[in-house]
Each structure stands twice: as C-alpha cells, then as structure tokens.
Amino acid sequence: MIPSAPLITPQTGERCASFELAAHPGSAAQARRLTRAQLDGWSAPEETCEAATLIVSELVTNALVHTGSRHIVCELREVEPQERGSRQALGPLKRASGAADGVRLRIAVRDEGQCGRQPASPRQDPHDEHGRGLFLVSAMSLSWGTQEAEQGSGLVVWAELSWEEAR
C-alpha cells in the first residue's frame, strides 16, 4: 500500500494536498473530482482548474493502463519560483519558452511502478487514437517530467502549470 504522505515535503506555509486512489476504472474520474474540489477550495483560476483536471486525469489513466499498480497517489502543490531550480535535475524535463516565473501548481502522480520503464516521450502525431496522454500533458503544462519514487518502488510523473493563468 502506498502511504498518502506528500510526494515532496512542503515548506512551511505552502499549500499541498495529496490523495490516494485504488486502481480501478473509475479512478481517473475520482481524481478529476478531488482535484477540482481542492483547487476550488484554494480559489485557483478557472483556466488552471480546467488544465489541472485534464492533466491529472491523463496521468492517473497512464498509471492505471501502463503499470500493475494497486494504488496511485496524487499530489497538488504550490511551487515557488526559487524551488524549481533545485528540482530540474529530477528527471526528463520539458521547458516552455517564455514561461511565467511566478507561482506554479505542481501536479504529481505516483504509481507502484510494476511495468519497470519510464513513460514514452509524447507522440508527435495528435491524430493517433491512443498514446496522446503525454502529448496533452506536454502541450498544456509549462514543464513536466519523471522521477523515481523515494518511498520504495514506483514512478512519479509530474507537471507544472502557471497559477496565474493556464497556457
């Protein structure tokens, strides 16, 4: 069982929430509802809420489809500009040109990593019937990447959105 502790220890005063989901077909919908409720509680901008619910849905779906995980942990966290520099070495990273340097929302999804491989790079053909999840995550986020989970086996896939406005 995956503990529902934060994936990254928050600094004092930061907003951070995490929730654990059992791996079943309704988990992506549940993740969307929980994400939306949390961001509404934080008074997040509407564009950020919409982008975040889509991204969390894609990341949870990928964890369900591509791993043998029994549980998935999702985390929502504010990330201050000075924190991002220390996190860039955690895994593959996509940077948007001209990205805002303000507060960001970091979405992270941790699986139990039963498949033993990193997610594939986003496909270039947006007309593919399958495999568009990371393409959408890449297009909608300022940055995204992966890292091995600190607590045992597993993989964390994360994405960052601007808090002020979505892309």
Side-chain angles (χ1 to χ4, degrees), residues 2 6-8 16-21 23 25-39 42 44-67 69 71-79 83-84 87-149 154-167:
I2 301 173
L7 303 176
I8 294 176
C16 181
S18 63
F19 50 90
E20 181 176 338
L21 303 168
S27 293
Q30 184 179 11
R32 287 191 300 272
R33 286 189 299 275
L34 292 168
T35 296
R36 184 61 193 228
Q38 185 64 58
L39 294 178
W42 288 347
E46 182 63 25
E47 289 180 7
T48 301
C49 290
E50 289 176 7
T53 56
L54 176 62
I55 288 171
V56 80
S57 182
E58 293 298 334
L59 296 181
V60 167
T61 298
N62 281 353
L64 292 169
V65 171
H66 300 293
T67 73
S69 299
H71 296 90
I72 297 162
V73 176
C74 299
E75 180 186 79
L76 306 172
R77 179 173 181 248
E78 282 186 322
V79 179
E83 294 180 63
R84 287 195 298 272
R87 301 203 194 294
Q88 289 181 12
L90 295 175
L93 178 70
K94 170 246 172 198
R95 276 264 175 236
S97 59
D101 209 24
V103 175
R104 293 186 184 181
L105 172 65
R106 185 174 195 265
I107 301 162
V109 174
R110 182 177 68 214
D111 61 44
E112 293 174 312
Q114 304 299 320
C115 71
R117 66 178 194 259
Q118 298 282 321
S121 296
R123 295 182 185 207
Q124 298 302 313
D125 185 359
H127 302 292
D128 284 346
E129 188 173 326
H130 298 285
R132 294 184 294 189
L134 290 178
F135 179 81
L136 291 170
V137 170
S138 179
M140 297 190 74
S141 64
L142 296 171
S143 59
W144 75 278
T146 64
Q147 68 189 67
E148 289 185 26
L155 184 68
V156 176
V157 182
W158 56 268
E160 290 183 356
L161 298 171
S162 171
W163 186 260
E164 289 79 25
E165 59 185 86
R167 288 186 54 213

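All residue numbers in this chain count up from 1 along the given sequence.
For the atom pair CZ (Phe19) and CG (Leu76), the distance works out to 5.5 Å, reported to the nearest 0.5 Å. Note that the CD1 atom of Ile55 and the CD atom of Glu160 stand 10.5 Å from one another [nearest 0.5 Å]. The distance from atom CG of Leu136 to atom CH2 of Trp144, rounded to the nearest 0.5 Å, is 12.0 Å. Taken to the nearest 0.5 Å, the OG atom of Ser18 stands 11.5 Å off from the CZ atom of Arg77.
Annotation: side-chain contact (heavy atoms from CB on, under 4.5 Å) contacts of Leu54 (sequence neighbours excluded): Glu58, Met140. Under the side-chain contact (heavy atoms from CB on, under 4.5 Å) criterion, Ser57 pairs with Ala28, Arg32, Thr61, sequence neighbours left out.
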Does the side-chain contact (heavy atoms from CB on, under 4.5 Å) test come out yes or no for Ser27 and Leu64, once each step is laid out?
-> CA-CA 8 Å; Ser27 293; Leu64 292 169; 4.0 Å; yes
Could you walk me through whether Arg106 and Glu78 pass the side-chain contact (heavy atoms from CB on, under 4.5 Å) test, one step at a time?
-> CA-CA 6 Å; Arg106 185 174 195 265; Glu78 282 186 322; over 6 Å; no
Taking it one step at a time, do Leu59 and Trp158 satisfy side-chain contact (heavy atoms from CB on, under 4.5 Å)?
-> CA-CA 8 Å; Leu59 296 181; Trp158 56 268; over 6 Å; no
Tell me, with the steps shown, if Val79 and Val103 meet side-chain contact (heavy atoms from CB on, under 4.5 Å).
-> CA-CA 6 Å; Val79 179; Val103 175; over 6 Å; no
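The closest side-chain heavy-atom distance from Leu155 to Thr67 is not below 4.5 Å. No side-chain heavy atom of Asn62 sits less than 4.5 Å from a side-chain heavy atom of Val157.
Taking both residues in full, the closest heavy atoms of Leu142 and Ser162 are given as CD1-N, 3.4 Å, listed atom of the first, atom of the second, then distance. Taking all atoms of both residues into account, the shortest heavy-atom contact from Ser69 to Ala23 is O-CB, 3.1 Å. The two residues His71 and Glu112 make their nearest non-hydrogen contact at N-OE1, 3.4 Å. Among all heavy-atom pairs drawn from Thr48 and Leu161, the shortest one is O-CD1, 3.9 Å. Closest heavy-atom contact between Cys74 and Val60: SG-CG2, 3.6 Å.
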